[in-house]
Amino acid sequence: MAEAALAPATPAPAAGRTRTMLALVMLAAALLALPFVATALGDSSIITLATRIVILAIAAASLNLALGYGGLVSFGHAAYYGLGGYVVGILYASLREPMFGVLPATDQLLVTLPLAVIVGGVAALILGAMSLRTSGVQFIMITLAFAQMLFFLFVSLKAYGGDDGLSIRRRNALPFLNTRDETTFYFVCLTVAALYFALLRRVVGSRFGLVLGGIRQSERRMEALGIRTYRYKLVAFVISGMGCALAGALMANYARFVSPDMLHWTQSGEFMIMVILGGVGTWLGPAVGAAILILLETVLAAWTEHWQVVLGPLLVLIVLFGRSAVERVAARIAGRRS
Amino acid sequence: MTGRTLLIAAMLAAVGASAAGAQEPVKIGMITTLSGPGGYIGQDIRDGFQIALDLEGGKLGGVPIQLLVEDDGFKPGQGKQVADRMMKSDKVKLLTGIVFSNIAVATVPDVLDADGIYVSPNAGPSNFAGKDCHRNYFVVSWQNDNLHESAGQNATVLGYKKAFILAPNYQAGKDALAGFKRFFKGEIAGEVYTRLDQTDYAAEMAQIRAANPDVVFQFHPGGLGIAFMRQYQQAGLLGQVPMVVAAPSMDATTASAVGEAAVGVNLTTHWNTDFDNPGSKRFVEAFQKKFNRAPTFYASQSYDTALAIGAALKGTGGKVDDTEAFRREMLKASFSSIRGPFKFGPNQHPIQDWWAAKVEKGPDGKPVIKTTTKVMSNHGDVYAKDCKL
Amino acid sequence: MVLVYEQVLNGLQLGVTLFLLAAGLTLIFGIMGVINLAHGSLYMVGAYAAALTAAKIGSFLLAVPAGLAAAALAGMAMEYLVIRHLYARDHLDQVLATFGLILFFNQAVVLLVGRQPLFVAIPAALDGAVPVGAGIQYPVYRLAILAVGIAVAIGLYLLIGRTRLGMLVRAGATHRDMVRALGVDIRLLYTIVFGLGALLAGLAGLMAGPLLAVQVGMGEQILILTFVVVVIGGLGSIRGAFFGALIVGVVDTLLRAFLPGALRTVMQGSEADALGAGLSSMGVYLLMAAVLLVRPRGLFPAHG
């Protein structure tokens, strides 16, 4: 996926409108062709790897809406990601053994996905409403605290697997499609991701997006203009939580497994890394960041068992020196920083 | 260092790698935990397997083997991905290596669903021993409960009447307490589930003291156990309340890390370095020589796993594609296990003997584990009856 | 009641360990504005250096300076090579870079020392248990940790309140730009403060060695709790770190000790323990969220 994503970037010197369109078309073509290339190469694990990147790209882009466009540095977005996953897991588990008799049970993706998004949104609304009363480092820490609380909540819920997590024996079903087929599932995820990224672009380009950008630059100025900034920030936070829940629900289907690991603070950290790698406040940057991080991990882990000793300093070096380079590449694909 | 391939690099370069050779080696995928606090267990599992390969010149049962090792990072999700990649890009059919039950529970169904074979060198969660048992799933180590059933039996044999029991709150921990209670005939003075990420057990020590039991049974594998034992000693409980544990709470590595505080602890195990059979001696010697440390029982299980796979491969002539044929050969268990008598039960989990042992002060002052008497013979597990194969 | 008394002692002892870590973190946070996720790695470095020295020389008392020195040097090297370049950056960059440092430190220890957890003996003088009243035998070593923690707290109080360095630290926490404008070598001050924070983290690590398992990843287990302490106490405030640490230590220990028991009266054993353990882990975060909502700058804010 990365080679597909990076390839169109090289020739374009500036982000002219036509060139951006051309790059997008090429990116789309590469993504569409990927499963067939992988099959031709006889390595279907490329497809599952790409699926994972596509899903994580949704999560990273969601975080980016709050973090990059809204300036809300959340260190707890794994909470919504995990919640989304658990919605799928719990609905599935209820199929086998009904829990409490009141919970609905379903394995229909068309039901579980929207439900996950709603649950994620409600959680983000409640937690965001409280967190947004703080700012700066305190905001980082309070989002972290809430995520940790949810993490420990799921660890302690034995009915839902506790530390061991919940296995989902079969992926959620879609009418007319066989989601168990890796290629089909890849296209399902890709479609969801495409729709989501298109939606994000509209949100960012809208009046709402402009106000949000304004708040990031100077909250006081926006308040002076008579804008109730708290509401805007909250809406951004909620949308971003919903996106993460969507990604979590897809990931639960992809991995056929959910566990409290999905809500762990290191997962929040990984989302942040993806956003930073790809470019804070860019449209497609987080997707590129997700691809870079996952590919780095995969390549290095296959190369040496001590891969972290390489990845760690690499991240440091990227922060210290290379970020602008990575960002430039991302920006070329993603278009201008808005 | 290990037989690792640059899978993804090959993928990126779009080069279809295919090893050319006279006899195509059988690929065995080992997914194990090499990072984090449990990393030393995965290391011993990898190294035990490697010794079996070394002693046979890179072969098992006369069949050349290519061993692919990858770290699961102690994350179930990562274990699944590694399994997926090994099966799809490397076309691995035969997998092994998982240390922790939660990772096995997440990963093994994927392997089996894709018509792969999994041979467990360690984790034997109850989920897969009963009605969810599978034709292509074999356990060479033990069913989780066995370890603790033997400890319960040992506590009964030693004549303790009132036990305080503790384990971390996850699947293997629950299996542990259930297993202990199944064979302990006395009274349970207290039952505490600790946290999997806990390192300070001061609160539990106070509870133990308040309950004033005859004996303490605890299951805290790896680093958890080290912290627990040391704090047990510091709380002044070591001399007062004896302790009965199963092998994972007191392996060779933990015993030497715990030091003096380990002396006097009763444990039960299915293998120990002092077992007096030629296979075991050969293994201990080769392991000590190559890695300059004593093998843990984890390493022995992995070595036995390699031998079991070797015997099956020999029977099938190095073929793993016909899973039924492989299964028939595997179930014969025609290898000589270094722990003595060994056969597979109806759920393809082991039936074996369990031994009591005690930690004693060695000649150099360091604690050593000495085997004493047999506590259980030909012991299977309680879940086998639910398994219909 | 006796049990409560003992558990409070346990809580205070956890508290002072947290304080040693939080003191450094809060200074670095407050003065340089850096979020250092790798602070837990310095704790690990201290523990490992002391454990290795103790194993080589056989004396825990000689291992103490080794652990302290290693942590301080590692901290200063970290500051010089990486953190220094992050002062002007936003929190995001700091999080990313120090996250990278965690990965590096953990794996470097695996490479250099191996995966086997290390053994550290308790110095003979501190072995055993003594009566502490109410018929309780309490480990001497834990009492020693408590004493060291309190001594360090007093020492830091004097250092910050009475010395020139302390004055600069206080000034740096409240009026960073002014201190710089007055021509103070702020770079040197930063390196010293970072080294001091690392030293305290190393001290916490080496003292935890004989108590816990010295193993890879031991720093992360305690890191997040330390952040909670720092935020509850108020960024940059040593006093806040001290009281925050004691509150968090006692609350966490008491919840963990008594909540499962309380739940057991209303539900079944294993479920009660699981829920109790989970809820008690949530307790400190709930506390932190509550403090932040009522007093967004923490209990003892350093700024004004």
Side-chain angles (χ1 to χ4, degrees), chain A residues 67-68 71 73 75 127 130-131 133-159 162-163 260 264-266 268-270 272-277 280 304-321 323, chain C residues 29-30 33 35 37-38 81-82 85-86 89-111 220 223-225 227-228 230-232 235 270-293 296-298:
Chain A
L67 189 155
V73 183
F75 202 168
L127 301 184
M130 289 192 271
S131 308
R133 295 162 66 102
T134 64
S135 61
V137 174
Q138 278 86 0
F139 181 79
I140 302 180
M141 289 298 146
I142 199 168
T143 47
L144 173 69
F146 284 132
Q148 285 292 96
M149 275 160 60
L150 281 173
F151 169 78
F152 284 116
L153 180 68
F154 279 101
V155 164
S156 66
L157 288 179
K158 279 284 131 179
D163 266 314
H264 199 246
W265 69 270
T266 45
S268 296
E270 273 186 35
M272 284 171 97
I273 291 176
M274 289 172 192
V275 173
I276 302 166
L277 278 180
V280 176
T304 162
E305 69 181 64
H306 301 292
W307 56 278
Q308 292 176 334
V309 92
V310 186
L311 181 64
L314 207 59
L315 289 178
V316 174
L317 288 177
I318 288 175
V319 172
L320 293 186
F321 307 110
R323 204 181 108 189
Chain C
F29 232 179
I35 297 183
L37 292 182
L81 291 173
V82 179
H85 308 283
L86 298 172
R89 305 284 192 88
D90 57 14
H91 293 318
L92 281 177
D93 279 2
Q94 297 164 357
V95 166
L96 178 57
T98 52
F99 195 85
L101 286 176
I102 293 183
L103 297 181
F104 171 75
F105 271 101
N106 280 346
Q107 209 57 37
V109 167
V110 167
L111 273 173
E220 282 83 78
L223 172 77
I224 297 293
L225 213 51
F227 271 109
V228 172
V230 168
V231 172
I232 287 182
L235 299 180
S270 148
E271 308 273 315
D273 278 354
L275 198 62
L279 292 180
S280 56
S281 310
M282 286 168 68
V284 288
Y285 297 102
L286 205 61
L287 181 71
M288 162 165 149
V291 166
L292 280 183
L293 289 177
R297 287 174 165 278

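Keep in mind that the numbers below use all heavy atoms, side chains included, and drop hydrogens, waters and symmetry copies. The shown structure was predicted, so the numbers you read here are calculated from the model rather than taken from an experiment.
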Shorter than 4.5 Å, heavy atoms on both sides: which option in I140(A), L311(A), T134(A), I273(A) has the most such pairs with chain C? I273(A)
Measuring heavy-atom distances to chain C, does V73(A) have an atom under 4.5 Å in its side chain, in its backbone, in both, or in neither? side chain
Let me confirm one number: the CG-CG distance from L315(A) to L103(C), rounded to the nearest 0.5 Å. 6.5 Å
Part of V82(C) within contact of chain A (heavy atom distance under 4.5 Å): both
In sequence, state the C-alpha distance, the side-chain angles, and the governing distance for I35(C) and F75(A), and then conclude on side chain to side chain contact (heavy atoms under 4.5 Å, CB included). CA-CA 12 Å; I35(C) 297 183; F75(A) 202 168; 5.9 Å; no
Based on non-hydrogen pairs under 4.5 Å, which of P296(C), A289(C), S281(C) is most in contact with chain A? S281(C)
Let me know if F146(A) has heavy atoms under 4.5 Å from chain C in its side chain, its backbone, both or neither. side chain
Among the options L157(A), L314(A), V310(A), T266(A), pick out the one with the most heavy-atom pairs lying under 4.5 Å from chain C. T266(A)
In Å, rounded to the nearest 0.5 Å, how long is the span from CG of L235(C) to CD of Q138(A)? 5.0 Å
Within the side chain of R89(C), is there an N or O that forms a donor-acceptor pair under 3.5 Å with the backbone of L320(A)? yes
Side chain, backbone, both or neither: which part of F139(A) has an atom under 4.5 Å from a heavy atom of chain C? neither
Scored by heavy-atom pairs under 4.5 Å with chain C, the best of M149(A), R133(A), M272(A), E270(A) is M149(A)
Would you please classify the geometry between the F152(A) ring and the Y285(C) ring as parallel, tilted or perpendicular, with 30° and 60° separating the classes? parallel
If we define contacts as heavy-atom pairs under 4.5 Å, which of S280(C), G283(C), A97(C) has the most with chain A? A97(C)
Is L150(A) close to chain C through its backbone or its side chain, or both, or neither, when contacts mean heavy atoms under 4.5 Å? neither
When the 4.5 angstrom heavy-atom criterion is applied to L286(C) and chain A, the contacting part is both
Side chain / backbone / both / neither for L223(C) at chain A, heavy atoms under 4.5 Å: side chain
Atom CG of L144(A) and atom CE of M288(C): how far apart are they, to the nearest 0.5 Å? 6.0 Å
Answer yes or no: are there more than 12 heavy-atom neighbours, outside F104(C) itself, under 6.0 Å from its atom CZ? no
Point-to-point distance, once rounded to the nearest 0.5 Å, from CD1 of I142(A) to CG of L293(C): 4.5 Å
Please round to the nearest 0.5 Å and tell me the distance separating atom CD of Q148(A) and atom CD1 of I224(C). 5.5 Å
